[in-house]
Amino acid sequence: MKRAAMTVIAALLVAFAGNEPDRLMPRKTEINLIQPAVIIGIDATGDAQEPAEVTLLLSELAEASGDQQGGGGSFQIMSAKGQTVAASADEIAKTSFKEIPASCLEYYLIGEDAVKSSLPFYMDYLSKDNELRLTSKLYFLDGDSAKSAIDIVSKEKSTDIFQIFGVNSGVAGRSSSMAFIEYLKLNCEGIAFAVPTVRITNLDGEDRILPEGYAIVEAGQYRRTIRGAQARGYNLITNRPTHSLIDIDAGGGRRASVVLEQANTAIRFRFEGERLAEVVLRTHFTTDALDAGALGDLRTSALRRETERKQTDIVQDELTRTVALAKEMNCDFLGIGQQLRLRHPYAWARLEENWAETLAEVPVRIEVSSRLQRTFDVVKLDS
């Protein structure tokens, strides 16, 4: 009886598995035959026959490369062109002698030409491949190709974005991060939103990748890029990370900087009957003195108030310019309509269909206050 049972089990295994035992048993792959993709870059080539180019940054696993120091091993770049992004990716898979899993994927980089020419064409593959990670970060390139950025990253020992991008307090407030699943969600909702951008910049003779601003996307299409003051204005209005420098006129031809540490913006709506009469943005932020010596003795209350007035005026101007751009574009990338939907759903039901035109016409009042939080009790030195 026992022998008969074993015979039946063996026959079933043969019947189900045939010549493919991996269908029943977990597939085993030697570690030196695995090369995880950590960055996917997508570019437009300008070639009508092969308009898409995919570039992968592949990581040699530490055990396979002999690196036992935790550096993640070395990197390899593979790229291919094709009629579609999917065809380009398939070409890489065909020419590689190793398995390329996407479970370790960290970043999606989309080149500027791909973003501006036909964003849905180049993003479609990413949204349909079920092996790609939805939590990986997405960045658009400003003025450069994804392939160029990947080439810079390949020369480093780490793919940590804040090491590679050389982020410091002077540039961190220009943009924030976005998970790919957030892009998919906002794009499916059909609303305007902002995707963080990065730019290749030469610092002290070395190319680095720095946060630059945001690309405005609406209905799946690129609209424009915002940088500098308007990018920080977007961060402040949408309550995103804002750690950055505010340059202040210290008098006598001198400039001084304070560090914007924390900020919060509340959006309120004033109605007259059923008519939306006004949108009110109330922003409060705090700073730390960075160049206290240049500013003077900040323990003096009058000087502290003057410094707070100057930094408030600067941020007020940035917010005003950002709101003016949204009105000019007839594009609510600031999410004001989403706040209206949450706070006044019945009013939103009336205004939703023509919201872009309504926002362009309705007055927006911007109220800004600030506080110089830390002076470190530093006085101006005699020298």
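When reading the values below, keep in mind they use all heavy atoms of this one structure, side chains included, and skip hydrogens, waters and symmetry mates.
- Remark: side-chain polar atoms of Arg232 are not paired, donor with acceptor, to backbone N or O of Val315 under 3.5 angstrom.
- Counting only distance, with no hydrogens or angles, the side chain of Ser118 and the backbone of Ala114 share no donor-acceptor pair below 3.5 Å.
- Heavy-atom minimum distance, Ile267 versus Arg343: O-NE, 3.6 Å.
- Ion pair Asp90/Lys94 not flagged as a salt bridge, since none of the NZ, NE, NH1 or NH2 atoms sits closer than 4.0 Å to an Asp/Glu carboxylate oxygen.
- When hydrophobic clusters are built by joining Ile, Leu, Val, Met, Phe, Trp and Tyr residues whose side-chain heavy atoms come closer than 4.5 Å, directly or via intermediates, Met123 is grouped together with Ile181.
- The CG atom of Leu359 sits 10.0 Å away from atom CG of Leu340, with the distance rounded to the nearest 0.5 Å.
- By the ring-ring contact (aromatic ring centres under 6.0 Å, His included) test, Tyr122 pairs with no residue at all, sequence neighbours left out.
- Rounding to the nearest 0.5 Å places CG of Asn187 at 11.0 Å from CD of Glu218.
- Of the possible donor and acceptor atoms, one in the side chain of Thr197 sits under 3.5 Å from a partner among the backbone N and O of Gly213.
- Of all non-hydrogen atoms in Leu57 and Ser154, the two that sit nearest each other are CD1-CB, 3.7 Å.
- Remark: Ile191 pairs with Leu186, Glu189, Gln338 by the side-chain contact (heavy atoms from CB on, under 4.5 Å) rule, at least two apart or across chains.
- Atoms CE and NZ, on Met329 and Lys327 in that order, are 14.0 Å from each other to the nearest 0.5 Å.
- At a threshold of 4.5 Å between non-hydrogen side-chain atoms, the residues Ile314 and Asp247 do not count as touching.
- Between Arg371 and His284 the shortest heavy-atom distance is N-CE1, 4.2 Å.
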Give the intermediate values and the outcome of side chain to side chain contact (heavy atoms under 4.5 Å, CB included) for residues Phe140 and Thr225. CA-CA 10 Å; Phe140 289 171; Thr225 299; over 6 Å; no
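- Proximity of a side-chain donor or acceptor of Ser370 to a complementary backbone N or O of Glu308 within less than 3.5 Å is detected.
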Are Arg223 and Phe333 close enough, and set up right, to give a side chain to side chain contact (heavy atoms under 4.5 Å, CB included), and what steps lead you there? CA-CA 10 Å; Arg223 292 289 306 272; Phe333 62 88; over 6 Å; no
Can you check side chain to side chain contact (heavy atoms under 4.5 Å, CB included) on Arg199 and Asp144, steps first, answer last? CA-CA 7 Å; Arg199 189 180 187 90; Asp144 298 288; 3.8 Å; yes
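- Side-chain contact between Leu132 and Tyr125: present, with at least one pair of heavy atoms (C-beta onward) separated by less than 4.5 Å.
- Listed by chain and residue number, Asp317 satisfy the salt bridge (Lys or Arg N to Asp or Glu O under 4.0 Å) test with Arg321 (two or more places apart in sequence, or in another chain).
- Every residue meeting the ring-ring contact (aromatic ring centres under 6.0 Å, His included) condition with Tyr234, not counting sequence neighbours, appears here in chain and number order: Tyr214.
- For the side-chain hydrogen bond (donor to acceptor under 3.5 Å, both in side chains) test, residues two or more places apart in sequence or in another chain that qualify with Glu112 are Lys116.
- For the pair Phe285/Gln311, a side-chain contact is recorded, criterion being any heavy-atom separation below 4.5 Å from C-beta on.
- Applying the salt bridge (charged side-chain N to carboxylate O under 4.0 Å, His left out) rule to pairs touching residues 40-54 yields Glu53-Lys147, sequence neighbours excluded.
- Side-chain N or O atoms of Ser136 include one that pairs as donor or acceptor with a backbone N or O of Leu105 at under 3.5 Å.
- Each of Ile248, Ile246, Val259, Leu245 was scored for a side-chain contact (heavy atoms from CB on, under 4.5 Å) with Thr287, with one residue passing: Ile246.
- Between Phe269 and His344, the ring planes are perpendicular. Angles over 60° get that label, and only those under 30° would be called parallel.
- Heavy atoms only, all atoms of each residue included: Ala146 and Leu109 are closest at CB-O, 3.4 Å.
- Looking at Gln373 and Asp288, their side chains come closer than 4.5 Å, going by heavy atoms from C-beta outward.
- Under a hydrophobic-cluster definition in which Ile, Leu, Val, Met, Phe, Trp and Tyr are linked whenever side-chain heavy atoms come within less than 4.5 Å, directly or via other members, Trp348 and Phe271 are assigned to the same cluster.
- Here the CG-CD distance, from Leu119 to Gln221, works out to 7.0 Å after rounding to the nearest 0.5 Å.
- Between Glu182 and Lys185 no salt bridge is recorded (no basic side-chain N to carboxylate O distance below 4.0 Å).
- Taking the side chain as every heavy atom from C-beta outward, Val195 and Tyr222 never approach each other to under 4.5 Å.
- For CD of Gln76, the number of neighbouring non-hydrogen atoms (other residues, nucleotides, ligands) closer than 6.0 Å is greater than 12.
- Residues Ala149 and Leu141 share a closest heavy-atom pair of CB-CD1, 4.1 Å.
- Looking at every heavy atom in both residues, Ala277 comes nearest to Pro363 through O-CD, 3.4 Å.
- Between the side chain of Thr55 and the main chain of Ser79, no donor-acceptor pair closer than 3.5 Å is present.
- Checking side-chain atoms of Ser145 against main-chain N and O of Gly111 turns up no donor-acceptor pair under 3.5 Å.
- A donor-acceptor pair is defined here as one N or O able to donate and one able to accept, closer than 3.5 Å; no such pair exists between the side chain of Asp142 and the backbone of Glu212.
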Under the criterion side chain to side chain contact (heavy atoms under 4.5 Å, CB included), I'd like the reasoning laid out for Phe75 against Ile150: C-alpha separation, chi angles, the key distance, then a yes or no. CA-CA 10 Å; Phe75 296 118; Ile150 289 177; over 6 Å; no
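- The shortest distance between side-chain heavy atoms of Leu126 and Ile42 falls below 4.5 Å.
- To the nearest 0.5 Å, atoms CD (Gln262) and CG (Asn239) are separated by 12.0 Å.
- When side chains are defined from C-beta on, Gln49 does not count as touching Lys81, because their heavy atoms never get closer than 4.5 Å.
- Here CD of Glu367 is found 12.0 Å from CG of Leu319. Values are rounded to the nearest 0.5 Å.
- Contact annotation: the side chain of Ser177 approaches that of Tyr139 to within less than 4.5 Å [non-hydrogen atoms, C-beta and beyond].
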